[in-house]
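Numbers for residues simply follow the sequence, beginning at 1.
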Amino acid sequence: MRVKVRYSIIIPMYNEEAVIQETYRRLKQVMNATGESYELLFVNDGSQDRCAAMIKEYGNWDETVKLIDFSRNFGHQIAITAGMDYSAGDAVIIIDADLQDPPELILQMIDKWKQGYEVVYAKRVKRQGETWFKKWSASLFYRVLRASTEIDIPVDTGDFRLMDRKVCDEMKRLNENNRFVRGLVSWVGFRQTAIEYERHERLAGETKYPLKRMLKLCLDGITSFSYKPLKLAGYAGGILSGAGFLYLIYVLYLALFTDATNKGWPSLIGIMLIFNGFVLAMLGILGEYVGRIYDETKGRPLYIVRECHGLTKGELTVKKRVIDYE
């Protein structure tokens with residue numbers, strides 16, 4: 001039988017050996033201040049360093065520490081999903097291990113939750129220690145996403161948030177493979193509110209979201225919640241077709257009613273390159289959607305757990321989307 005806890009803190013981690021000790025210390029300090037029961041669910045997303053071994057050591061003397069160890073790297077959003085699957089608390093809090101999001105803000109989230117809000121998310125008003133390109137691209141992404149979908153996804157927010165148990169249970173029913181957790185939380189609804197804060201510079205280590213992963217997250221967010229790129233492709237195709245038809249009329253006019261010599265090869269080649277480039281771009285957009293459909297039809301589990309530490313047998317019940325080798 002699962003031990004009833006009040007709060008579940010989900011901490012996805014990937015090669016965070018340099019910072020994990022300080023993360024553990026600050027989380028313990030904050031959660032002890034609540035005076036209520038809690039669990040620290042560390043999800044090791046295929047790390048190559050010692051952070052998983054360090055969490056095991058902490059678990060030897062601290063029963064609140066629990067570890068879910070993936071068989072390989074499945075991605076940040078999947079690690080969050082696994083934490084929700086194994087969480088037991090009445091409230092579930094997601095926070096990254098890099099300490100860019102201050103654990104001390106959790107106490108304010110809990111206060112809002114006790115006031116009746118079912119989702120409390122942290123909104124960044126300032127981002128310290130990030131390049132202008134990272135700030136600009138993140139701002140652009142959130143605003144494009146918000147303009148592309150009918151779901152009200154808050155801008156300038158990450159995955160740092162508190163969710164009520166009922167919200168977490170609804171999230172566990174959503175089985176799509178290419179996950180955008182903050183968007184899914186907005187999709188399920190419930191009473192939501194924000195807490196504003198300044199995001200700190202990473203305490204140690206390197207960012208786990210380089211440009212390649214940021215682009216994938218961006219594509220997952222847009223394709224999961226919007227089909228407007230497909231509609232825009234149709235609109236653009238209609239405009240280009242109309243422009244091509246008008247150009248054809250212009251060429252016929254020159255040929256029939258004027259003596260002008262039509263030296264059209266350069267312009268013809270240019271138009272062909274534009275149209276062919278447009279067609280290939282639209283095929284790429286279609287490919288993103290078709291590829292995601294293909295991923296959903298495979299029926300593979302979202303993740304595979306190599307081993308768990310600190311969890312009871314009841315907590316290790318195999319779920320539909322989990323293969324557990326312990």
- Query: With no hydrogens and no angle check, do the side chains of Y117 and D164 hold a donor and an acceptor under 3.5 Å apart?
  - Reply: no
- Taking every non-hydrogen atom, the tightest pair across D45 and F74: OD1-N, 2.7 Å
- Query: Would you call the rings of Y197 and F160 parallel, tilted or perpendicular, where under 30° means parallel and over 60° means perpendicular?
  - Reply: perpendicular
- Closest contact, heavy atoms only, V185 versus M163: CG2-SD, 3.7 Å
- Message: Under a plain distance cut-off of 3.5 Å, with no hydrogens placed, do T64 and E39 share a side-chain donor-acceptor pair?
- Response: no
- Query: Can E196 and R124 be counted as an ion pair, charged N to O under 4.0 angstrom?
  - Reply: no
- Query: Between E198 and K123, does a salt bridge (Lys or Arg N to Asp or Glu O under 4.0 Å) hold up when you go through it step by step?
  - Reply: CA-CA 8 Å; E198 291 188 10; K123 183 175 181 179; over 6 Å; no
- Does E63 CD have over 12 foreign heavy atoms under 6.0 Å away? no
- Message: Between V65 and I55, is the side-chain contact (heavy atoms from CB on, under 4.5 Å) condition met? List the steps.
- Response: CA-CA 7 Å; V65 174; I55 296 302; 3.6 Å; yes
- Message: Between E307 and K66, does any side-chain N to carboxylate O distance fall below 4.0 Å?
- Response: no
- What distance do L184 atom CG and L174 atom CG have between them, rounded to the nearest 0.5 Å? 5.5 Å
- Item | 4.5 Å side-chain heavy-atom contact, R191 and V119 | no
- Task: Could you tell me whether the side chain of T34 and the main chain of V30 form a donor-acceptor pair under 3.5 Å?
- Result: no
- Query: Salt bridge check: are E118 and K112 linked by an N-O gap of less than 4.0 Å?
  - Reply: no
- Message: In the structure I gave you, are the side-chain heavy atoms of R25 and K28 within less than 4.5 Å of one another anywhere?
- Response: no
- Query: Out of curiosity, I304 CD1 to L302 CG, how far, rounded to the nearest 0.5 Å?
  - Reply: 11.0 Å
- Correct closest heavy-atom pair for H76 and D159 would be CE1-OD2, 3.2 Å
- So, D169 and R165, do they make that salt bridge, N to O below 4.0 Å? yes
- Item | Under 3.5 Å: donor-acceptor pair, side chain of E17, backbone of D49 | no
- Message: Does anything in residues 86-95 form a salt bridge (Lys or Arg N to Asp or Glu O under 4.0 Å)? List the pairs, not counting sequence neighbours.
- Response: K4-D90, R6-D90
- Can you tell me how far OG of S47 sits from CG of N15, rounded to the nearest 0.5 angstrom? 4.5 Å
- Query: Looking at side-chain heavy atoms only, is the closest gap between I11 and F42 below 4.5 Å?
  - Reply: yes
- Message: Just checking E104: does its CD atom have more than 12 heavy atoms from other residues, nucleotides or ligands closer to it than 6.0 angstrom?
- Response: yes
- Message: Taking the side chain as everything from C-beta on, heavy atoms only, tell me whether M171 gets closer than 4.5 Å to V181.
- Response: yes
- Note on the structure: When rounded to the nearest 0.5 Å, the distance separating NZ of K172 from OH of Y86 is 10.5 Å
- Rounded to the nearest 0.5 angstrom, the CG-CD1 distance for L40 and I95 is 10.5 Å
- Task: Go through E16 and D98 one step at a time and tell me if the side-chain contact (heavy atoms from CB on, under 4.5 Å) criterion holds.
- Result: CA-CA 7 Å; E16 299 288 3; D98 57 16; 4.2 Å; yes
- Message: For N73 and Q48, which I'm curious about, is there any donor-acceptor pair between the side chains at under 3.5 Å?
- Response: no
- Quick one: do V120 and R161 satisfy side-chain contact (heavy atoms from CB on, under 4.5 Å)? Show the steps, please. CA-CA 6 Å; V120 185; R161 63 190 61 222; over 6 Å; no
- Query: Are side-chain heavy atoms of C308 and L67 found at a separation under 4.5 Å?
  - Reply: no
- Message: Does either side chain, that of Y303 or that of D85, offer a donor lying less than 3.5 Å from an acceptor on the other one?
- Response: yes
- Side-chain donor-acceptor contact under 3.5 Å, Y121 with Q192: no
- Item | Considering all heavy atoms, the nearest L41-S87 contact | CD1-CA, 3.5 Å
- Message: Assess the residue pair D62 and E57 against the criterion (side-chain contact (heavy atoms from CB on, under 4.5 Å)); give the C-alpha distance rounded to whole Å, side-chain angles, the decisive distance to 0.1 Å, and a yes or no.
- Response: CA-CA 9 Å; D62 186 351; E57 293 175 8; over 6 Å; no
- Which atoms form the tightest heavy-atom contact between G46 and F70, and what is the distance? N-CB, 4.2 Å
- Task: Work out which heavy atom in R26 is nearest to a heavy atom in P102; give both atom names and the distance.
- Result: NH2-CA, 4.1 Å
- Note, V19 side chain near L99 side chain (heavy atom, < 4.5 Å): yes
- Message: Quick check for you: to the nearest 0.5 Å, what is the distance between I10 atom CD1 and I93 atom CD1?
- Response: 9.5 Å
- Task: Would you check if the distance from the ring center of W187 to the ring center of F180 is below 6.0 Å?
- Result: no
- Message: Can you tell me how the ring of Y24 sits relative to the ring of Y58, calling it parallel under 30°, perpendicular over 60° and tilted otherwise?
- Response: parallel
- Query: Taking C-beta and beyond as the side chain, do I106 and L162 meet within less than 4.5 Å on heavy atoms?
  - Reply: no
